[in-house]
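Chain letters run A, B, ... following the sequence lines, proteins first, then strands; residues in each count from 1.
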Amino acid sequence: MRLATWNVNSIRARVERTVEFAVRESIDVLAMQEIKCKVEQFPFAKFEEAGYHVEAHGLSQWNGVAIASREPIEDVETAFANMPGFAKGHEGPDAPLEARAIGATIGGVKVWSLYVPNGRALGDPHYDYKLRWLKALEEYTRTSLAGDPDLPLALVGDFNIAPTDADNGDPTIVPGFATHVSPPEREAFAALQTAGLTDVVRPLVPSGYTYWDYKQLRFPRNQGLRIDFILGSRSFADGVTGAAIHRDERKGDIPSDHVPVVVDVDLDEPDDDDRPMIF
DNA sequence: ATGGCTCGCCCAGCGAGA
C-alpha cells in the first residue's frame, strides 16, 4: 500500500492537481486536510473518474478532512474518542466539534486523516484547545493499542508542530514566542510516540520541510517547516519499505503551501498462500 | 526597497492560516 497525506488548502481550488498527483504517483490511499468545504461541495466526481472512493468530513469553509482510496473505505468515523470541540464563546466541554479528523479501515489499516488545531498564539484559547486535542489523541492511541497491540494504526496529517529545531527553518517562528515550536507542543508530539507511534518518514527522509508560507519568498529561500507526518503503530512501522516528501509539489501553478508526504507499507497479512508450511 | 500570500465568504474587506 502506498499511503500519502497532503494538506491541500482547499480541494476545490486544487482538485485537478491533487488527483493528477495521486494517479501519477500511484497513491492507494490519500489523506487530505484543509479541504475547506462542506461534504456536499466536495468534488467527488474528479476522484471517482480516476478510480478513487472518497469519504469526506467538512462542516464549513474552515478545516475539513477527507480520505481517497482505491480500495473500499470501511468503518468511517468523524471524531476519535473524547476529541474536544471549539467555537467562539464555547470553550467548555460542550463546544461543537470541528471537522479535523476522519478515520477509516482500509486494507486492514486503521487510518486517521488529522488536521491538528493551529494554536494561533501562545496563551490564545486556541492554543489550549490544541494541547487538549493532542492529549485526547494520545489517549485514543493508548486505548487502541492497549486493546490490540498488533493493530496497524496510522495517524497522518498536518500536526502543526515542528518537533525539533531542525524542523523549523522559518526565521519568524521563534521558540518562546511562537506556536508550533513551544515546549508543550513538542512534548505533546513526543507523547504520541511514547504512546506507541513512530514517525515512519524521518528515518528514510532525515531532513526537509513539508510547508512553506506563501509570504516573503519562504519557498525560494527554503525557509519552511516540517509539520506534516505519518505516524505508525509498531505493526505498521515494521512494514514500511520507503518514504518521500514531494517538495516539487510546492512549485508550479497555484500550489498548496504544504506538499505530500508518502510511505510504502507492506503489511504482509498472512493468508493461505504465505502461511508457513508445517510438517 | 527590509516587504512581497491565499483561501472562502451573501463581492468586500475580513478571519484564518503557521
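- Considering only residues two or more places apart in sequence or on other chains, A:Asn222 meets the side chain to side chain contact (heavy atoms under 4.5 Å, CB included) condition with A:Tyr209, A:Trp212, A:Arg247.
- Side chains of A:Glu138 and A:Thr141: no donor on one and acceptor on the other come within 3.5 Å.
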Show the atom names and distances, to 0.1 Å, of all donor-acceptor pairs under 3.5 Å that link a side chain in residues 152-162 of chain A to residues at least two apart or in another chain.
residue, atom, partner, partner atom, Å
A:Asp158, OD1, A:Asn160, N, 3.0
A:Asp158, OD2, A:Asn7, ND2, 3.0
A:Asn160, OD1, A:His180, NE2, 3.0
A:Asn160, ND2, A:Val116, O, 2.8

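- The gap from the C1' atom of B:dG4 to that of B:dG8 amounts to 22 Å, rounded to the nearest Å.
- Of the P atoms belonging to B:dC7 and B:dG3, the separation is 24 Å, rounded to the nearest Å.
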Distance-only check: which donor-acceptor pairs under 3.5 Å involve side-chain atoms of residues 71-86 of chain A, not counting sequence neighbours?
residue, atom, partner, partner atom, Å
A:Glu77, OE2, A:Lys110, NZ, 2.5

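- Rounded to whole Å, the C1' atom of B:dG15 lies 16 Å from the corresponding atom of B:dC11.
- Checking A:Gln33 against A:Ser113 by side-chain atom types alone, a donor-acceptor pair falls below 3.5 Å.
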For every nucleotide of nucleotides 9-18 of chain B, 5' to 3': is a protein heavy atom under 4.0 Å from its base (B), only from its sugar-phosphate (S), or from neither (-)? S-----BSBB
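- When each of A:Gln216 and A:Arg14 is assigned the nucleotide of DNA chain B with its nearest heavy atom, A:Gln216 is the one assigned upstream, toward the 5' end.
- The distance from atom CD of A:Gln223 to atom C1' of B:dC5 is 15 Å, rounded to the nearest whole Å.
- A:Arg221 comes within 4.0 angstrom of a nucleotide base, judged by non-hydrogen atoms across all strands.
- Counting Ile, Leu, Val, Met, Phe, Trp and Tyr side chains that sit under 4.5 Å apart, directly or through other members, A:Trp6 shares a hydrophobic cluster with A:Val8, A:Ile11, A:Val15, A:Val19, A:Phe21, A:Val23, A:Ile27, A:Leu30, A:Met32, A:Ile35, A:Val39, A:Phe42, A:Phe44, A:Phe47, A:Tyr52, A:Val54, A:Val262.
- With its glycosidic angle within 90° of 0, B:dC11 is assigned syn.
- Rounded to a whole Å, the NZ atom of A:Lys38 is 16 Å from the C1' atom of B:dC7.
- With P as the reference atom, B:dC10 and B:dT6 are 23 Å apart, rounded to whole Å.
- Of the C1' atoms belonging to B:dC5 and B:dA18, the separation is 13 Å, rounded to the nearest Å.
- Remark: A:Asp170 pairs with A:Asn168, A:Thr172, A:Ile173, A:Arg218, A:Leu225 by the side chain to side chain contact (heavy atoms under 4.5 Å, CB included) rule, at least two apart or across chains.
- In this structure, the CD1 atom of A:Ile254 is 7 Å from the P atom of B:dC7, given to the nearest Å.
- Atom CG of A:Asp170 and atom P of B:dG3 are 14 Å apart (whole Å).
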